Amino acid sequence: MATLDEHPLSGATADAPLIRAYCGERSTHHPVWFMRQAGRSLPEYRALRTGTKMLDACLDPDLVTEITLQPVRRHGVDAAIFFSDIVVPLRLAGVGVDIVPGRGPVLEHPVRTAADVAALRERSLEAEALAPISAAVQQLTRELGRTPLIGFAGAPFTLAAYLVEGGPSKDHLAARTMMHAQPQVWAELMGWLAEVTGAFLHAQVRAGASAAQLFDSWAGTLSRADYIRYVAPYSRAALAPVRQLRIGDHSVPTVHFGVGTGHLLTAMHEVGVDVVGVDWRTPLDQAAAALPGVVLQGNIDPAMLAADWPVLREHAQQVLTAGRAAPAHVVNLGHGVPPETDPEVLTRLTGWLHEQ
Ligand code: CP3
């Protein structure tokens, strides 16, 4: 493993527009990347993935490197996001999980009882199991040069929403029942998830990622009180290993994002992150008023990517204008790139944003 003084954040990426913005410095260049920029919207991705299952692809450093680089080459975005999935650390810890195309993560056995959680807690994520992740990040960051790599992980609640339900669900009822009906079992499940997903994030940063994003995609289904009591402490714990790292004079910028989380923005900031990602529902000036002094990321409505260019451009202009209310703003979508998106629209949007 490279020593931390060879880390990109202490040299190659320290002055990248994305990193400067994450650290609160506004410049004339609007940094932009897109959640789910790597993946099904790209024909070159679909070609590479033929015959390889999603989770197998995530454990092949050559494939991960190529897939992560594809959108950077094509669109000229300001960051790469590590090609992986939030359930990869579960698979690496030996949990029976698969990603079913068109559906999402599915568990062999849902985790519902005290015995299920106790069995899960017998498992841990050792450094050895993370070797394919570290190898992919090292290879990738060599190729990326001055373009920062963003590492990511799923937050404990979003992972629990899959584990307890056994697969994708709409309102995550089973997980929300467990937190109230079996609070001790819930605490043990969330504590274990914080360790495993935190180790996954730490491995990426340690190996060369210049920033880290925690996705709590489904936290928006929680009340603010439940979020603060049953979820926030574990997201904080998942971020702790990365927040403790020092690379030269730098700490590693961290971003926290969820969907439908307008009522949770301050609580999500308070788990201890530098940047808050905002979905398309909350205008950025409103988010900035709730989070004074906090760097924001977002929030072009993914639905607009299929609109005619003048409609998309007008919307992007409004996002830039509203984003001026924050100390710095990294442009992104309000959620992931829809698979049916015409990739040329993303290239054009990136170019336009860079000219503003
Ligand atoms: O470009 C990037 O953003 C990096 C790659 C990335 C993937 N998953 C690749 C992927 C990231 C950051 C994720 C995170 C992820 N995975 C989240 C949080 C982000 C979000 O979208 O809210 C969640 C909730 C998951 C769980 C998950 N994995 C879902 C819901 C799906 C889609 C299932 C489907 O087929 O519709 C996946 C699979 C997945 N993860 C794909 C990709 C490219 C599609 C797999 C394929 O190509 O067949």
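All figures in this text were calculated on a predicted structure; none of them were measured in a lab. Numbering of ligands and ligand atoms starts at 1, following listing order.
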Provide, to 0.1 Å, the distance between [atom] and the closest protein heavy atom, together with that atom's residue and name.
atom: atom 28 (N) of ligand 1; value: D85 OD1, 2.7 Å
atom: atom 38 (C) of ligand 1; value: I99 CG2, 3.5 Å
atom: atom 10 (C) of ligand 1; value: M54 CE, 3.2 Å
atom: atom 35 (O) of ligand 1; value: G102 N, 2.7 Å
atom: atom 48 (O) of ligand 1; value: R49 NH1, 3.3 Å
atom: atom 11 (C) of ligand 1; value: F152 CZ, 3.6 Å
atom: atom 23 (C) of ligand 1; value: I86 CD1, 3.5 Å
atom: atom 30 (C) of ligand 1; value: Y162 OH, 3.6 Å

With heavy atoms of [X] as the reference, note each atom of ligand 1 found under 4.0 Å away.
X: F215; answer: 12 (C), 18 (C), 19 (C)
X: P101; answer: 35 (O)
X: G104; answer: 33 (C)
X: W218; answer: 24 (C)
X: F83; answer: 43 (C)

Tell me the closest heavy-atom pair linking L120 and L189, and the distance in Å.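 In this case the closest contact between L120 and L189 is CD2-CD1, 3.5 Å.
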Minimal heavy-atom distance between D274 and Y22, with the atoms involved, is CB-O, 4.2 Å
Aromatic ring proximity [X]/[Y], centre distance under 6.0 Å:
X: H29; Y: H354; value: yes
X: Y230; Y: F157; value: no
X: F152; Y: F82; value: no

In the single-linkage hydrophobic clustering (I, L, V, M, F, W, Y; side-chain heavy atoms under 4.5 Å), do V345 and F34 co-cluster?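 Cluster IDs for V345 and F34 match.
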So is [X] close enough to ligand 1, meaning a heavy atom under 4.0 angstrom away?
X: H335; answer: yes
X: F82; answer: yes
X: S84; answer: yes
X: Y45; answer: yes
X: P105; answer: yes

Please work out which of Q70, R36, M35 has its closest non-hydrogen atom nearest to atom 3 (O) of ligand 1.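 Selected option, by shortest heavy-atom distance: R36.
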Among R40, R103, Q37, whose heavy atom sits nearest atom 44 (C) of ligand 1?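 The option holding the nearest heavy atom is R40.
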Any N or O of A38 closer than 3.5 Å to N or O of ligand 1: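 For ligand 1, there is an N or O atom that lies under 3.5 Å from one belonging to A38.
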Considering both backbone and side-chain atoms of S217, is one of its nitrogen or oxygen atoms within less than 3.5 Å of a nitrogen or oxygen in ligand 1? yes
Using a 4.5 Å cut-off on heavy atoms from C-beta on, say whether the side chain of [Y] contacts that of [X].
X: V255; Y: L214; answer: no
X: D342; Y: L305; answer: no
X: P283; Y: Q286; answer: yes
X: I300; Y: L312; answer: yes

Distance, nearest 0.5 Å, that separates CE of M178 from OG1 of T113: 7.5 Å
Are more than 12 heavy atoms from other residues, nucleotides or ligands located less than 6.0 Å from atom NE2 of H109? no
Flag yes if more than 12 heavy atoms outside R281 fall under 6.0 Å of its CZ atom; otherwise flag no. yes
